[in-house]
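Before any comments, here is the structure.
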Amino acid sequence: MQKERDFKKQEQKWKEYWEKEGVYRFDPQKEGEVYSIDNPPPTISGRMHIGHSYSFGQQDMIARYRRMRGDNVFYPFGTDDNGLATEKLVEKENNVRMFDMSRSEFISLCQDTLKKIRPEFIQDWKDIAMSCDFSLNYSTISSHVQEMSQNYFIDLYENGRVYHKDGPTIWCPLCQTAIAQAELEDKEKESVFYEIEFKTEEGGLTIATTRPELLPACVSVFVHPSDDRYKKLIGKKATVPIFEQQVEIIADEEVDMEKGTGAVMCCTFGDVTDIEWFYAHKLPLRNCLTKDGKLNEGAGKYEGLSVEEARERVVSDLDIVSRKEIEHTINVHERCGTGVEIIPTKQWFIKYLDLREEFLRLGEELLWIPEHFKTRYMNWVKGLRWDWCVSRQRYFGIPFPFWHCSGCEKKIVAERSQLPVDPFSEKPPESCCGEVLPDENVLDTWATSALTPQIVQSLTEKKVFPMSLRPQAHDIINFWLFYTLARSKMHFDKLPWERATISGFVLDEKGKKMSKSKGNVVDPQKVISNYGADVLRYWISGTKFGEEARWSEKEINSGKRTLNKIWNAARFSLSHLEGYSPSERPLEVEDKWIVSKLNRTLKQYKEHFENYDYSKARKAVDHFFWDDFCGNYIEMIKSRLYDQKRNPDSAKQAMYDSLLGTLKMYAPFIPFITEEIYHEYFIEFEKEKSIPLTLLPKEGDIFTEESLMDEVVEVMSLIRKYKTEKSIPMGQRISEIVLSKEKEHLKEYIEIIKDTLRIDNIRFTESETEVQI
RNA sequence: GGACGGUUAGCUCAGCUGGCUAGAGCGCGUCGCUUACAUCGACGAGGCCGUAGGUUCGAGUCCUACACCGUCCACCA
């Protein structure tokens with residue numbers, strides 16, 4: 001038996017063992033209720049960060065618990081490896097730019113790069129002891145998934161849920177692609193608020209704007225209908241300075257009279273309000289921007305300038321009425337931080353705004369943990385204003401299975417048997433009046449990752465859909481959770497899962513968000529190599545779903561201490577259990593007491609886990625193990641074990657049950673050390689090749705004399721206190737203790753107290769003093 | 001502007017449907033190397049439970065305002 005614990009060696013050993021033995025392999029034949037987990041496929045865009053280890057660790061504890069309660073756990077593992085995030089990584093890794101390469105070149109570079117980094121990427125998840133079946137593996141760019149994604153998209157197309165339309169699109173000029181509403185982020189930016197005068201028949205009209213370079217795209221001026229300053233101008237024309245176009249002055253309630261001058265120009269398109277006005281007032285379209293964020297021919301002499309340059313030039317060419325420095329928030333693309341523009345382009349949309357009520361109903365039906373995240377989902381759905389723009393003007397993604405006829409603009413859909421199809425390299429199934437050209441777009445990655453329940457269902461014969469659980473972090477409720485639910489509604493008219501658990505974020509020691517630029521990032525890889533994955537997981541198990549966790553080196557330490565305690569308690573127990581075979585036997589009172597405590601703990605533990613409160617479950621075990629078992633019980637039985645008196649086998653049996661129960665209850669949290677100890681002794685009697693494959697013990701009855709023994713424990717604590725107060729070392733023998741007569745009902749347990757605390761004699765007295773020598 | 005969460009010992013948090021003389025761990029102080037463990041053990045100090053009202057025999061616990069912190073959504077001309 002080893003004395004010292006080398007966690008690095010041990011963790012390595014068990015990772016290999018689990019893999020070799022297929023411990024976490026899904027067995028469709030296994031009995032037990034199927035518990036299927038829609039495990040988030042992490043985006044290959046770097047290595048696993050601490051937030052990943054946190055949320056994946058949390059869900060893994062649930063998975064491990066479900067397995068040990070007897071469920072047949074279906075727990076696949078996928079990677080999301082297409083789309084912008086992966087493209088950015090490939091650009092960085094290879095020091096290239098996508099737009100400098102041909103489409104096919106870039107795609108094969110992506111494939112090659114992924115091949116190289118994917119195994120190492122997945123290894124991070126194995127290192128935190130995710131108990132997934134890694135052979136149930138999928139990649140969202142694999143041809144199998146491409147085929148599925150295209151198939152489901154064609155389904156939507158055939159059901160009239162897909163349209164291809166020209167219209168204002170949220171556009172990232174850096175990534176040069178359309179993006180969805182959900183991909184926007186706010187950013188504070190310094191800016192200048194300019195007041196510019198337009199000419200009208202009635203004289204000057206001053207408008208206020210932060211974007212004077214958009215003057216060439218100005219199509220109207222808006223004022224509030226009840227604004228006395230401008231009432232007389234409503235319906236009249238105004239002339240845009242420099243560009244000289246005549247635009248109508250229109251009234252609209254949306255205008256804020258307090259802001260700027262109370263008159264605002266509408267450009268197609270400056271912002272979301274402009275789009276609303278564009279549709280509501282049937283305004284003309286006058287685009288002045290190109291796809292890479294420069295001014296186009298519509299901007300006359302400013303053509304070719306970037307937005308910033310043009311702004312400067314326009315401002316110097318104008319008579320500015322006034323300027324004011326302001327801070328305001330702009331919408332940026334969350335992937336790159338670039339300010340977005342709205343430009344008219346042709347895009348693919350999935351029509352779903354009409355299903356909002358249904359999405360709300362399903363959101364209500366889903367079980368949320370914690371519950372309050374439902375509200376966030378509901379608010380998001382209520383606030384939806386755009387259909388889902390699913391086309392991206394990028395290379396590395398799943399192509400749209402379509403061609404377009406240059407003559408009549410007819411869309412030609414790929415045959416199902418052709419899928420997966422890349423319209424660039426394959427022929428369309430039919431010809432048309434004009435040249436038939438491939439659709440150049442790729443699908444939004446969320447359109448594919450929204451199909452993970454279907455993807456993982458395709459990996460097994462066993463019915464796993466609708467799934468039991470969707471675990472994920474709160475930042476993608478509006479993306480992944482919502483989109484998956486939306487697709488499930490559209491394709492199957494039902495919820496994709498029964499329940500969703502939502503994880504919070506990990507903050508730094510000061511409670512701030514971690515970010516590379518702030519340099520306050522904690523690497524899970526480092527934590528694992530310093531302390532081991534068990535310690536990391538122990539820390540993770542200290543907070544609940546939905547809660548933010550503040551990183552703390554001190555808290556990490558308490559995990560270290562707990563593991564050490566477990567290790568040492570096992571050293572003691574196993575040294576006495578050597579040669580002992582468990583069996584049913586009548587127990588002594590203190591042995592019944594600890595088993596009773598164990599049963600109580602098991603009951604609480606299961607209740608907490610059934611409520612998805614793993615952290616309370618863990619605390620229940622902590623209390624049992626540290627206080628009841630180590631603090632009291634082991635001390636109580638030492639003399640019996642060392643001196644072979646008063647039925648030591650009874651003590652061994654209780655110790656067997658307590659330690660094994662403890663290990664099993666700890667196993668979902670700290671799989672390595674529990675496995676190590678299990679293999680040292682218990683495996684011989686438990687038979688299962690790995691502790692995660694064993695079942696949690698059934699909790700037995702609460703011992704009727706438990707509370708009397710609790711009193712005995714209290715008396716011992718009083719005697720310890722007395723010794724402390726008198727500065728008597730704990731190990732020193734005491735010849736006599738005198739207890740108050742009130743404790744006389746405990747006298748049949750007096751031997752336990754005497755043996756545990758090394759007291760020669762205990763007698764009772766009428767006096768009020770509870771303890772005296 | 002709307003919504004959601006949080007505010008309890010120096011720190012991190014427990015306190016369910018109201019009964020608490022308010023708990024735990026860490027940290028702190030004193031003592032102790034007692035044959036599993038000093039990564040330990042024993043004992044102790046430390047809180048008017050964000051503020052102000054209200055309901056109640058009784059309120060961290062329920063209600064109403066407000067404040068501060070965090071997050072999401074909207075606005076952002």
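Keep in mind that what you see is a predicted model, and the values were worked out from it rather than measured. Quick note on labels: first sequence line is chain A, next is B, and so on, each numbered from 1.
- Across B:rU39, B:rC76, B:rC43, the shortest atom-to-atom separation from the side chain of A:Asp186 is found for B:rC76.
- The distance from atom OH of A:Tyr377 to atom C1' of B:rC73 is 15 Å, rounded to the nearest whole Å.
- Here A:Cys630 lies in heavy-atom contact (under 4.0 Å) with a base.
- Taking atom CD1 of A:Ile637 as the reference point, atom P of B:rU34 lies 21 Å away to the nearest angstrom.
- The aromatic ring centres of A:Tyr614 and A:Phe669 sit 6.0 Å or more apart.
- The nearest whole Å value for the distance from the NZ atom in A:Lys374 to the C1' atom in B:rC73 is 18 Å.
- A 3.5 Å limit on both hydrogen-bonding distances identifies no Watson-Crick or G-U partner for B:rA9.
- Here the C1' atom of nucleotide B:rU71 and the CH2 atom of A:Trp380 are 15 Å apart, to the nearest Å.
- Across all strands shown, B:rA3 forms a Watson-Crick or G-U wobble pair with B:rU71, both key distances being under 3.5 Å.
- Counting non-hydrogen atoms under 4.0 angstrom, A:Gln732 reaches nothing in the nucleic acid.
- Nucleotide B:rG44 is matched to B:rC28 when pairs are restricted to Watson-Crick or G-U wobble geometry with both distances under 3.5 angstrom.
- Here the P atom of nucleotide B:rC16 and the CG atom of A:Asp613 are 13 Å apart, to the nearest Å.
- Annotation: salt bridge (charged side-chain N to carboxylate O under 4.0 Å, His left out) contacts of A:Arg311 (sequence neighbours excluded): A:Glu213.
- Taking a 6.0 Å sphere around CD of A:Glu327, one finds it holds more than 12 heavy atoms contributed by other residues, nucleotides or ligands.
- Between A:Trp626 and B:rG41 there is a side-chain N or O to OP1 or OP2 distance below 4.0 Å.
- Nearest heavy atom pair, residue A:Arg229 against residue A:Gly262, reads NH2-CA, 3.9 Å.
- B:rU35 makes up no base pair with any nucleotide shown, lacking Watson-Crick or G-U wobble contacts both under 3.5 Å.
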Atom pairs under 3.5 Å, N or O on each side, protein against nucleotides 2-11 of chain B: can you list them with distances?
unit_1	atom_1	unit_2	atom_2	d
B:rA3	O2'	A:Asn379	ND2	3.0

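- In this structure, the ring of A:Phe505 has its center no less than 6.0 angstrom from the ring center of A:Tyr54.
- Rounded to an integer number of Å, the gap from A:Arg5 CZ to B:rC37 C1' is 13 Å.
- Side chain of A:Asn611 to backbone of A:Asp613: no donor-acceptor contact under 3.5 angstrom is found.
- No more than 12 heavy atoms of other residues, nucleotides or ligands shown are found within 6.0 angstrom of NZ on A:Lys510.
- Between the CD atom of A:Glu635 and the P atom of B:rC40 there is a distance of 15 Å, rounded to whole Å.
- Using N1 to N3 plus N6-O4 or O6-N4 for Watson-Crick, or N1-O2 and O6-N3 for G-U wobble, each under 3.5 Å, B:rA22 pairs with nothing.
- Base orientation of B:rG41: anti (glycosidic angle beyond 90° from 0).
- We find that CD1 of A:Ile634 is positioned 11 Å from P of B:rC37, with the value rounded to whole Å.
- Here A:Gln181 does not reach the OP1 or OP2 of B:rC73: none of its side-chain N or O atoms lies under 4.0 Å away.
- In this structure, of B:rG15, B:rC43, B:rU34, it is B:rG15 that holds the atom nearest to the side chain of A:Lys544.
- Non-hydrogen atoms lying under 4.0 Å from RNA chain B are contributed by nothing in residues 217-224 of chain A.
- Aromatic pair A:Tyr230/A:His224: centroids not less than 6.0 angstrom apart.
- Classification of the A:Phe482-A:Tyr377 ring pair by plane angle, with boundaries at 30° and 60°, yields tilted.
- Aromatic rings from A:Phe193 and A:His328 are positioned such that their centres are separated by 6.0 Å or more.
- Across all strands shown, B:rU64 pairs with B:rA52; the Watson-Crick or G-U wobble distances both stay below 3.5 Å.
- A sub-4.0 Å separation between OP1 or OP2 of B:rC76 and a side-chain N or O of A:Thr273 is present.
- When distances run from any side-chain atom of A:Lys619 to the nucleotides B:rC43, B:rC13, B:rU71, the shortest one goes to B:rC13.
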